[in-house]
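This is a predicted model, so every value here is computed, not measured. Indexing begins at 1, ligand by ligand and atom by atom, following the structure's order. Counting begins at 1 with the first residue of the sequence.
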Amino acid sequence: MFKKMNNEVPDEQKPMIALTFDDGPTRNDRRILAALERAGGRATFFMLGKKVERYGSTIERIMADGCEIGNHSWDHPRLDRLPAEEIRDQIGRTNDVISRFTGQAPALVRPPYGETGGSVLPVFAEMGYPAVLWSIDTLDWKTKNTVNTLAVVLHHASDGDIILMHSMLVTAVAVELMAPALVRRGFRLVTVSELLAARGGMAPGRELIKLPPRPAAAR
Ligand code: NI
């Protein structure tokens with residue numbers, strides 16, 4: 001799974017960053033994937049179940065590239081306002097449709113809007129999922145500005161960060177500059193599951209915001 005890396009051997013001691021792209025799949029994902037591949041990095045795509053069917057070949061490419069697919073609900077409701085049964089349905093239906101293309105249910109869920117109130121955390125705990133949030137919010141959906149998205153990440157990124165972006169064209173263009181710049185600074189661009197595995201994992205039903213840096217990787 002490391003064959004796409006530019007580096008000969010993945011260096012466990014390097015600082016790590018998890019780039020994440022929400023609300024896809026979209027036609028912009030292939031551009032993001034191409035930029036990641038050129039930089040020798042990977043990322044995580046948190047998808048809406050209702051959009052998955054139309055993007056089967058994109059999903060296959062994401063998996064072939066060693067990137068990760070996460071569950072972002074079926075159609076992006078405020079899960080904290082739904083009864084437990086409907087939260088289970090939002091996550092379960094999305095797992096089912098993603099599994100049809102990937103052969104397995106996603107290992108991770110990110111609740112829409114990062115809302116973890118109401119029955120969200122109890123249901124996630126019961127289903128075995130932490131709630132994957134983020135430590136850097138680029139606000140790309142709001143600014144729709146490539147330079148701003150790039151600047152937020154390059155100014156703030158540090159070891160263990162989970163960076164929130166969206167599968168948008170302006171963001172894909174930012175990633176073409178961001179990914180190589182982060183790699184030049186010595187970061188490994190990893191999936192959220194890789195970040196978790198390297199930093200001791202995460203209990204279901206808890207909120208994942210940022211992983212603590214390894215002492216050896218501290219700058
Ligand atoms: Ni979203």
Side-chain angles (χ1 to χ4, degrees), residues 17-33 36 42-55 58-59 62 67-83 86-99 101-102 105-121 123-124 127 129-146 148-150 152-153 156 161-175 178 191-193 195-196 202 205-210:
I17 288 182
L19 303 179
T20 68
F21 301 94
D22 286 12
D23 299 354
T26 73
R27 60 194 303 174
N28 304 311
D29 291 338
R30 284 180 175 274
R31 190 158 175 174
I32 294 171
L33 288 165
L36 291 169
R42 293 180 291 276
T44 305
F45 296 79
F46 285 97
M47 296 183 173
L48 299 176
K50 70 168 184 181
K51 297 170 77 175
V52 163
E53 203 80 70
R54 299 197 297 276
Y55 289 93
T58 297
I59 286 164
I62 289 171
C67 290
E68 179 165 27
I69 294 175
N71 182 326
H72 194 42
S73 82
W74 182 260
D75 57 3
H76 217 273
R78 287 265 314 241
L79 294 179
D80 58 315
R81 293 175 176 168
L82 299 182
E86 286 181 39
I87 299 173
R88 279 187 212 105
D89 184 61
Q90 283 278 332
I91 305 308
R93 284 170 75 193
T94 302
N95 279 347
D96 290 347
V97 70
I98 291 173
S99 301
F101 293 96
T102 65
L108 301 173
V109 181
R110 170 174 281 163
Y113 312 103
E115 293 288 352
T116 56
S119 299
V120 172
L121 291 180
V123 168
F124 279 25
M127 298 181 85
Y129 288 116
V132 179
L133 303 182
W134 53 83
S135 52
I136 294 180
D137 185 351
T138 60
L139 294 175
D140 59 345
W141 61 273
K142 194 172 183 180
T143 69
K144 298 184 176 64
N145 184 299
T146 295
N148 188 76
T149 298
L150 182 64
V152 167
V153 174
H156 299 288
D161 271 322
I162 298 173
I163 298 174
L164 173 61
M165 293 181 278
H166 294 80
S167 290
M168 301 160 51
L169 180 57
V170 285
T171 298
V173 175
V175 173
M178 180 192 303
T191 67
V192 174
S193 280
L195 184 60
L196 275 170
M202 182 79 193
R206 302 284 299 278
E207 295 181 2
L208 173 58
I209 294 172
K210 176 169 178 162

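Taking 4.5 Å as the limit, some side-chain heavy atom of Glu207 sits within range of a side-chain heavy atom of Leu121. Counting heavy atoms from C-beta outward, Val173 and Arg31 have side chains that approach closer than 4.5 Å. Considering only heavy atoms from C-beta on, Thr102 comes within 4.5 Å of Ile59 through its side chain.
Distances shorter than 2.8 Å separate the Ni ion (ligand 1) from the protein N/O/S atoms Asp23 OD1, His72 NE2, His76 NE2.
Every residue two or more places apart in sequence or in another chain that forms a side chain to side chain contact (heavy atoms under 4.5 Å, CB included) with Asp29 is listed here: Pro25, Thr26, Ile32, Phe45, Thr58, Ser167. Under the side-chain hydrogen bond (donor to acceptor under 3.5 Å, both in side chains) criterion, Glu53 pairs with Arg100, not counting sequence neighbours. With sequence neighbours excluded, the residues that form a side chain to side chain contact (heavy atoms under 4.5 Å, CB included) with Thr149 are Thr138, Asp140, Thr143, Met165, Ala174, Met178.
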